[in-house]
Amino acid sequence: PQPNNLNRLLAERLESWLQMMMRWNSRERGAHPEFGPHGCFTALDHILELKLVFVLNMVTAEMLTFPVQQEEGVASLQERIAARTGIETANQELLLEAGVALDPEKEATQCAVDYRLIDGRRCDMPLVFLFDR
């Protein structure tokens, strides 16, 4: 139900996981098509291992969420941002909350949320601001 504090990507994955856990047939309950009969635990691990980058598009005031891999660079993230927003990579200005620009040569995980490290008390998430030059 809306409203909630989950981003769309995380909400979709958790909703799918909850549906798997609440199946009426006890033999199907907790079974995952990819991970097998007791794949619910592996599926939940995959959800919790997600590293997400939250990008606030300052042109449209839209919050965008991108999953990133460990070795993925900022340049790759910029390409996905361009595909979603229409702002070319050369025209993107990505800034952290402190006003520091993201280095396209570094990993995108420098600004990603790692849900394994959140203990429930922290409510602020790293945010990347997207400006169109």
Side-chain angles (χ1 to χ4, degrees):
Q2 293 290 339
N4 60 51
N5 290 328
L6 296 175
N7 63 69
R8 185 177 301 153
L9 177 74
L10 195 56
E12 288 172 357
R13 292 187 185 197
L14 285 173
E15 181 180 323
S16 174
W17 183 83
L18 284 170
Q19 288 173 352
M20 174 181 55
M21 295 302 294
M22 298 180 77
R23 289 189 183 132
W24 185 257
N25 185 334
S26 63
R27 291 184 182 179
E28 293 177 6
R29 190 177 312 123
H32 190 274
E34 185 179 339
F35 304 122
H38 300 289
C40 57
F41 303 109
T42 305
L44 183 59
D45 283 342
H46 280 262
I47 293 169
L48 296 175
E49 288 173 359
L50 281 175
K51 292 183 180 32
L52 301 176
V53 174
F54 296 99
V55 178
L56 178 60
N57 185 340
M58 298 303 288
V59 176
T60 62
E62 180 184 9
M63 181 68 76
L64 307 168
T65 306
F66 297 94
V68 293
Q69 302 299 319
Q70 188 64 35
E71 302 296 322
E72 185 175 356
V74 173
S76 171
L77 176 63
Q78 284 183 294
E79 290 173 8
R80 292 196 287 152
I81 291 172
R84 191 118 154 242
T85 63
I87 302 173
E88 296 179 21
T89 56
N91 293 334
Q92 293 177 14
E93 183 73 36
L94 297 175
L95 300 176
L96 295 172
E97 292 170 302
V100 178
L102 290 181
D103 184 357
E105 302 298 321
K106 291 190 177 177
E107 291 183 0
T109 54
Q110 65 182 314
C111 55
V113 175
D114 188 344
Y115 285 101
R116 293 176 300 152
L117 303 177
I118 296 176
D119 61 2
R121 292 178 288 178
R122 181 180 170 185
C123 60
D124 60 326
M125 300 292 176
L127 190 61
V128 176
F129 296 92
L130 169 65
F131 294 92
D132 187 354
R133 294 182 194 164

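Worth knowing before you read on, the calculation uses all heavy atoms, side chains too, and leaves out hydrogens, waters and symmetry mates.
Atom CD of E88 is surrounded by 12 or fewer heavy atoms from other residues, nucleotides or ligands within 6.0 Å. By the neighbour-count criterion of 12 heavy atoms within 6.0 Å, atom CZ of F35 is densely surrounded, having more than that number from other residues, nucleotides or ligands. The 12-atom threshold is not exceeded at CZ of R8, counting heavy atoms of other residues, nucleotides or ligands nearer than 6.0 Å. Residue E93 qualifies as enclosed at atom CD: its count of foreign heavy atoms under 6.0 Å is above 12.
In this structure, CG on D45 lies 6.5 Å from CG on L48, to the nearest 0.5 angstrom. Atom CZ of F54 sits about 9.0 Å away from atom CG of L127, to the nearest 0.5 Å. Rounded to the nearest 0.5 Å, atoms NE2 (H32) and NE2 (H46) are 8.5 Å apart. The OG1 atom of T42 lies 9.5 Å from the CD atom of E49; values are rounded to the nearest 0.5 Å.
You'll find the side chain of L77 reaches within 4.5 Å of the side chain of F66, heavy atoms only. Using a 4.5 Å heavy-atom cutoff, the side chains of L96 and L102 are in contact. You'll find the side chain of E79 stays beyond 4.5 Å of the side chain of I81, heavy atoms only. Using a 4.5 Å cut-off on side-chain heavy atoms (C-beta onward), M58 and L130 make no contact. Side-chain contact between V68 and L52 is absent, with no heavy-atom pair separated by less than 4.5 Å.
Put simply, the side chain of R13 never gets that close to the backbone of I47: no donor and acceptor are under 3.5 Å apart. Not a single donor-acceptor pair under 3.5 Å links the side chain of R29 to the backbone N or O of M20. A donor-acceptor pair under 3.5 Å is formed between the side chain of W17 and the backbone N or O of C40.
Follow the hydrophobic side-chain contacts under 4.5 Å out from L14 and you reach M21 in the same cluster. Placement of L56 and L9 within a single hydrophobic cluster is found when ILVMFWY residues are connected by side-chain heavy-atom separations under 4.5 Å, directly or transitively. Residue L18 is grouped with residue L10 when hydrophobic side chains (ILVMFWY) are merged at heavy-atom distances under 4.5 angstrom, including chains of intermediate members.
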Checklist entry - Passes side-chain contact (heavy atoms from CB on, under 4.5 Å), V74 versus E105? Steps please. => result CA-CA 7 Å; V74 173; E105 302 298 321; over 6 Å; no

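For I87 against Q92, the heavy-atom pair with the smallest separation is O-NE2, 3.0 Å. Looking at every heavy atom in both residues, D103 comes nearest to Q110 through O-NE2, 4.1 Å. Across all non-hydrogen atoms, the minimal contact from A101 to L95 is CA-CD2, 3.6 Å. Minimum heavy-atom separation, C111 to V53: SG-CG1, 3.9 Å. In terms of heavy-atom proximity, L64 sits nearest to R84 at CD2-NH2, 3.8 Å.
The pair E72-R80 counts as a salt bridge, with a side-chain nitrogen and a carboxylate oxygen less than 4.0 angstrom apart.
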